[in-house]
Protein chains: 2
Amino acid sequence: MATRPTPGKKSQETLKASPTGQKTQPRKVPSRRSKAEPDGQRTSASWTQDPEGVRRDILATARAEFVENGLSGARVDKIAAQTSTSKRMIYYYFGDKEGLYRAVLEEAYAGIRKLEKNLDLGALKPTEALAALTGFTFDYHADNPDFVRLVMVENIHHARHLATSSKIGALNSSAIDMIREIYGRGLEDGVFRPGINPIDIHLTISALSFYNVSNQASIQQVFGHDMAAPKARLRRRHSVIDTVTQMVSV
Amino acid sequence: MATRPTPGKKSQETLKASPTGQKTQPRKVPSRRSKAEPDGQRTSASWTQDPEGVRRDILATARAEFVENGLSGARVDKIAAQTSTSKRMIYYYFGDKEGLYRAVLEEAYAGIRKLEKNLDLGALKPTEALAALTGFTFDYHADNPDFVRLVMVENIHHARHLATSSKIGALNSSAIDMIREIYGRGLEDGVFRPGINPIDIHLTISALSFYNVSNQASIQQVFGHDMAAPKARLRRRHSVIDTVTQMVSV
DNA sequence: AGCAAAATTAACTGATAAGTACATTTACAC
DNA sequence: GTGTAAATGTACTTATCAGTTAATTTTGCT
């Protein structure tokens, strides 16, 4: 099942960003919907081209839809209706529904990676550095439920879109490198106990941060506990940092 | 629910004898349960009723489909085709697609709750009891990815089916009661440090157990680390128990 | 034996959703 | 200006899907 229809004839390869190498100058776009006149004639539908803007418009709208309804539940027609452009353009720029989803996913991963790169924990002592990294990770997940939900969706689909995305593979191990570095310093300082695998540290931090968002709804239903409430979130943040700290300390 | 014990049990699948597709004819219905005669002929239009069996058949098939494709991605026709009964019966017993999904979900929750109930950790000392509970939880998740995936799917849908299920609400807090009891004993014995909320212990155990299954695919893609591999799983199990132990110990 | 309720079957339907055909307009290079 | 490729709009097609209709058979009961 789920075969690719492969319509044939023309294959759009148009994934170029801006045709002009210029910086994205946000041109002011008049509503590009042409409206029909009362007499049935249509107004000389005048519109300004804005490929990059259209692309971004589609991407943002699509993200909301995929986040809310998953890949199978998302409706291309609904996305089209909520953009200021038409369904045709979705297929023009992204090929098909999965191509659109893939683009959304890649953008989401790019987001967290960018922030991670800007983290500089070198000035902090190992224990504080690890606590800061944990706090940052926890906050990023809590502040970006869209990202969390996209990853959930992708895992439901066995991450097969990550697998076929050229943009994501392997570049992400920077997170683990960072932990490895902090852990190494902690060992030297004698404040961390030896024998811990950096991957385990990463998995622990990620799991505790991710779960708090991903399973918020079911926890709420089953236990009546609202992890999204500001107070609960802060308490939990503390607890997570504490847990990670205890985990590595001598 | 039918209460009548099932009379004759035969797990027989039959090929769908397509009766030449003529329109609106009084039909001969060779059934899935019509059995082959000794001479190889099949008795026409004969089947044994087995409501309970049919129900279970549908439920099991549906679970596989929902687990694999989520609620929106699941196809009622596909479920029907894979049962030994027909689509009509799905609607007969479960009302609609969501009713079927809800039944699958309820069954999944009932499964873990039943096992939890049978856990008796009273004989163990607090530290060992908590370690045992953690190990059990970790193993249950790893051994039942279906359950994990259903919970993921349900969270994508904001747990609105849990919310409307009469069978699930509030009954599940036994898990936290168990932890509260262990934690209390640990405090008395002076082996656990005070000031920890039992909910945090539960969330930590659950998160670490859940994530290892729920995010297995994306972790594999992004970090090239296979958490499902037996060796990795066992190592991780150790680490999780260790983390939880450290978390509560003085 | 006969009847009503429960169980089961095959075929049908209306809606919807992904994807396409094709015309039209804009932007830009010369 | 004009030709052309990129960008965009409108309307359509085709498959699929959740849910139904209506007939038929089984079964428990009296």
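Just so we're on the same page: letters track the sequence lines, and every chain starts at 1.
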Is the centre of the [X] ring less than 6.0 Å from the centre of the [Y] ring?
X        : Y        : result
A/Tyr211 : B/Tyr211 : no
A/Phe223 : B/His202 : yes
A/Tyr109 : A/Phe147 : yes

If the cut-off is 4.0 Å, is [X] near the phosphate of [N], judged by side-chain N/O to OP1 or OP2?
X       : N      : result
B/Ser86 : C/dT8  : no
A/Arg75 : C/dA17 : yes
A/Tyr93 : D/dT8  : yes

Taking N and O atoms by type only, does the side chain of A/Lys87 place a donor or acceptor under 3.5 Å from a partner on the base of C/dG19?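 Flag set: donor-acceptor pair detected.
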Parallel under 30°, tilted from 30 to 60°, perpendicular over 60°: which one fits the rings of A/His161 and A/His157? perpendicular
Where along residues 61-71 of chain A does a heavy atom fall under 4.0 Å from DNA chain C?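 Hits under 4.0 Å, by residue number: none.
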What is the distance, rounded to the nearest whole Å, between atom [atom1] of [X] and atom [atom2] of [N]?
X        : N      : atom1 : atom2 : result
B/Tyr101 : D/dC17 : OH    : C1'   : 19 Å
A/Glu52  : D/dT8  : CD    : C1'   : 16 Å
B/Asp77  : D/dA15 : CG    : P     : 16 Å
B/Lys97  : D/dG19 : NZ    : P     : 8 Å
B/Ile90  : C/dT8  : CD1   : C1'   : 13 Å
A/Tyr91  : C/dA17 : OH    : C1'   : 8 Å
A/Ile58  : C/dA18 : CD1   : P     : 15 Å
B/Tyr92  : D/dT26 : OH    : P     : 15 Å

Which residues satisfy the side chain to side chain donor-acceptor pair (under 3.5 Å) test with A/Thr137, sequence neighbours excluded?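 If we apply the side chain to side chain donor-acceptor pair (under 3.5 Å) test to A/Thr137, skipping adjacent residues, there are no hits.
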Any idea which of C/dA21, C/dG19, D/dT20 is nearest the A/Asp96 side chain? C/dG19
Please tell me which of the listed nucleotides, D/dA7, C/dA7, C/dC22, lies nearest to the side chain of A/Arg88?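 The answer is C/dC22.
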Residue of the set A/Glu68, A/Glu107, A/Glu106 for which salt bridge (charged side-chain N to carboxylate O under 4.0 Å, His left out) holds with A/Arg63: A/Glu107
Could you give the distance from CZ (B/Arg55) to CD1 (B/Ile90), rounded to the nearest 0.5 Å?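 CD1 of B/Ile90 is found 12.5 Å from CZ of B/Arg55.
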